[in-house]
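Remarks on the structure that follows.
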Number of protein chains: 2
Amino acid sequence: MAVRIEDVASLAGVSMKTVSRVLNNEPNVRAQTREKVQAAVAELNYKPHPSARSLAGHRSYLIALLYDNPSPSYLMEIQSGVLDACETHHYGMMLRPLNYSPASDAEFIHTVESLVVHGRPDGLILTPPITDHPTLGKRLAELNVPYACISPRDWSGCIGANLDEVHAASEMTAHLIALGHRRIAHITGHPDHGASGWRLQGYCDALQRAGLRFDPNLVVAGEFSFDSGISAARRLLDLKQPPTAIFSANDDMAAGVINAACERGMVVPRDLSVCGFDDTPMSHQIFPALTTVRQPAREMGCIAATQLLRALRNPESCEMVHVPYTLQLRKSTGPVPNHQKTP
Amino acid sequence: MAVRIEDVASLAGVSMKTVSRVLNNEPNVRAQTREKVQAAVAELNYKPHPSARSLAGHRSYLIALLYDNPSPSYLMEIQSGVLDACETHHYGMMLRPLNYSPASDAEFIHTVESLVVHGRPDGLILTPPITDHPTLGKRLAELNVPYACISPRDWSGCIGANLDEVHAASEMTAHLIALGHRRIAHITGHPDHGASGWRLQGYCDALQRAGLRFDPNLVVAGEFSFDSGISAARRLLDLKQPPTAIFSANDDMAAGVINAACERGMVVPRDLSVCGFDDTPMSHQIFPALTTVRQPAREMGCIAATQLLRALRNPESCEMVHVPYTLQLRKSTGPVPNHQKTP
DNA sequence: GCTCGGCATGGCAGCGCTGCCATGGCTGAT
DNA sequence: ATCAGCCATGGCAGCGCTGCCATGCCGAGC
């Protein structure tokens with residue numbers, strides 16, 4: 001049952017050490033020898049014993065995914081992507097749910113430190129909002145623990161994957177403007193998330209580009225949750241001059257907006273256009289199907305993990321990779337109501 | 001940085017071996033010695049090196065979670081529960097996404113076998129629909145690989161966690177009957193899932209108990225997806241005598257039903273009552289909020305993992321644990337429409 | 001008193017692999 | 001011709017633990 005490196009070595013007619021070199025892509029092996037070894041590995045269907053490798057090699061061949069569950073579907077996508085990358089690089093993934101709070105700073109840092117000491121991952125993948133912790137990055141650099149970030153607020157000197165959320169949000173807002181909307185509201189996300197700022201920024205950019213006045217009454221604070229979307233929408237719809245379109249910083253809040261509109265007997269998009277951000281599975285299961293921005297989360301997970309894994313060998317060659325977003329135009333946005341049209 | 005068992009031993013004034021015994025809860029250590037060792041462990045904040053343990057102990061201290069993503073939110077819950085149990089037992093969890101298909105039997109079994117050989121998990125946790133594979137259980141027993149199941153179709157001789165879905169479905173149907181509905185439809189789930197059969201069974205039971213005739217036209221096959229819910233609903237609403245309530249075997253399909261109803265200008269629950277099963281996060285984000293059955297998935301994951309971990313030490317003491325469900329009565333079900341009432 | 005069995009503890013090899021160093025052959029500069 | 005320096009490969013200790021066996025002690029039974 002258990003094939004060992006010794007068996008491969010004797011089949012290939014070389015030493016264990018040479019097999020080890022081939023397996024770890026180390027240099028200084030003749031091409032011909034390399035092939036012989038690879039053939040033997042394939043023939044015996046050999047896979048190195050992870051624990052033995054780890055014990056002798058002083059690393060765990062494990063990377064840890066740190067998260068504070070913002071949304072199960074998003075996380076599942078990221079996780080699948082990371083898993084894909086781990087698979088191809090013969091690494092394992094460990095999952096670390098954390099309670100993120102930039103407030104109880106010391107405690108949070110301590111939790112991460114003990115995770116690093118005891119779980120011994122070779123590197124970390126940080127997901128939002130953990131990416132935006134004020135001091136974690138610095139501390140990890142001090143501890144010499146490599147890490148990659150997904151959608152960090154500030155990506156200078158940081159590897160991983162991100163997406164031009166400012167442009168995406170601005171394009172989404174432009175879509176509403178193109179439909180004739182002039183009173184466009186925005187519900188912001190949780191202030192701890194970098195995404196909240198970018199999406200607001202994109203909204204402002206698009207207004208400015210179209211020559212529309214920014215109206216502070218039309219920007220309401222949410223916190224990414226469904227309930228916060230409902231209450232924000234109620235406030236907006238109660239305005240003397242309510243908006244004709246609401247761009248919500250994520251899908252959950254957009255669902256809240258649609259809910260609040262339905263409560264009042266409004267029909268979306270006839271009476272109100274609504275759009276979100278993230279393209280969660282829920283977004284096309286609600287009625288009407290939600291116009292939103294899709295980010296390729298799985299791909300981002302895979303890219304971040306790949307960058308991290310590469311950084312473990314050669315820290316120089318790594319970078320922050322920008323991935324493209326896609327506008328998903330569905331049924332929740334439409335032309336501005338007739339009676340509301342301004343010349 | 002790295003505390004080793006040797007350090008603990010010398011601090012406690014005993015041999016490495018004795019420390020090892022204490023750490024692994026082995027018998028034949030004096031209570032006093034045990035305490036001394038535990039104190040030393042605590043003082044040094046010692047955690048054994050997983051790879052070294054694994055290499056010397058001939059086991060991996062890892063359990064594998066096998067799944068074929070039915071729904072990200074369900075899976076995320078299960079996963080969190082398993083992680084909880086692993087945490088308390090000092091085990092690790094590895095994730096194994098699989099492509100389930102009872103058709104390509106040999107290939108599936110082979111995939112699982114190579115996973116067992118190469119990943120070396122000490123045990124497996126099977127989630128639906130993998131739990132219902134016709135031959136996997138037998139094969140695992142032959143290979144002597146312990147496993148626990150979550151909601152298996154057939155739980156004889158199997159450990160893990162499940163829920164009385166037949167009763168839950170019957171109670172849900174009874175709720176509709178109590179609201180005055182007489183023409184109640186059911187959309188079934190994917191035939192590969194045990195859940196589909198149970199939920200249909202519960203539906204039938206409730207009808208019978210209420211003395212209502214079972215009408216085969218009111219049972220339509222779905223496959224748990226949103227789209228299959230839409231098309232099933234369309235077929236039902238096209239009937240000469242359409243149902244006044246639709247019980248869908250899961251939430252995604254129920255969302256499809258609501259969508260199809262909205263398309264036709266129907267108002268839920270005024271014109272049609274709809275209910276689902278699973279209590280996904282989406283279920284209270286759609287309008288109207290969905291009446292559904294909540295299963296404590298996280299708890300089930302935790303219980304299944306705990307049973308498995310216990311089975312690793314003592315296979316005798318383990319069982320299939322039944323967990324309670326809860327009806328979530330929300331806004332999508334209501335009294336039967338007036339003009340439809342039958343005396 | 002002596003033996004015997006069981007309990008508490010210790011000693012040590014070795015799990016399967018990699019890091020480090022040694023070795024020997026070959027190339028190219030002198 | 002000589003030798004420094006590099007490349008391809010091998011040898012072996014040892015990573016941190018646990019399994020197995022040895023040891024010594026104590027109390028019960030004869």
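Here is the naming used below: chain letters follow the sequence lines, and residue numbers restart at 1 for every chain. Here the structure is a predicted model, which means the values were calculated and not measured.
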Distance, rounded to the nearest Å, where [X] contributes [atom1] and [N] contributes [atom2]:
X: B/D122; N: D/dT18; atom1: CG; atom2: C1'; value: 14 Å
X: A/R120; N: D/dC17; atom1: CZ; atom2: C1'; value: 11 Å
X: B/K36; N: C/dG10; atom1: NZ; atom2: P; value: 8 Å
X: A/N25; N: D/dA8; atom1: CG; atom2: C1'; value: 17 Å
X: A/H49; N: D/dC17; atom1: NE2; atom2: C1'; value: 13 Å
X: B/H58; N: C/dG16; atom1: NE2; atom2: P; value: 7 Å

Notebook entry, point to check: When all nucleic acid strands are considered with a 4.0 Å heavy-atom cut-off, which category describes B/T33: base, sugar-phosphate, or nothing?
Noted result: sugar-phosphate
Next item on the list: For B/R59, answer base if it contacts any base atom (sugar-phosphate contacts may also be present), sugar-phosphate if it contacts only those atoms, and nothing otherwise; contact means non-hydrogen atoms under 4.0 Å.
Entry: sugar-phosphate
Margin query: Check whether B/S151 reaches the backbone of B/T127 with its side chain - one donor and one acceptor, N or O, closer than 3.5 Å.
Written below: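 Answer holds: no.
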Among [options], the nucleotide that comes nearest once only the side chain of [X] is considered:
X: A/E26; options: C/dG19, D/dC17, C/dT18; result: C/dG19
X: A/V29; options: D/dT9, C/dG10, C/dC15; result: D/dT9
X: A/Y46; options: C/dC15, C/dC17, D/dC17; result: C/dC17
X: A/K17; options: C/dG19, C/dC7, D/dC20; result: C/dG19
X: A/S15; options: C/dC17, D/dG10, D/dG16; result: D/dG10
X: A/I5; options: C/dC17, C/dG16, D/dT18; result: C/dC17

Next item on the list: Indicate the ring-plane relationship of A/Y61 and A/Y91, choosing parallel, tilted or perpendicular according to the 30° and 60° boundaries.
Entry: tilted
Next item on the list: Could you say whether B/A52 or B/V14 is positioned toward the 5' end of DNA chain C, judged by the nucleotide with the nearest heavy atom to each?
Entry: B/V14
Notebook entry, point to check: When you match A/M16 and A/P27 each to their closest nucleotide on DNA chain D, which lands nearer the 5' end?
Noted result: A/P27
Short side-chain N/O contact from [X] to OP1 or OP2 of [N], under 4.0 Å:
X: A/T18; N: D/dG10; answer: yes
X: A/Y61; N: C/dG16; answer: no
X: B/R30; N: C/dA8; answer: no
X: B/N28; N: C/dC7; answer: no

Next item on the list: First locate atom OG of B/S73, then atom CG of A/L75, and finally report the distance between them rounded to the nearest 0.5 Å.
Entry: 12.0 Å
Next item on the list: Ignoring hydrogens and angles, answer whether the base of D/dG10 and the side-chain atoms of A/R21 contain a donor-acceptor pair closer than 3.5 Å.
Entry: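 Yes, the side chain and the base share a sub-3.5 Å donor-acceptor pair.
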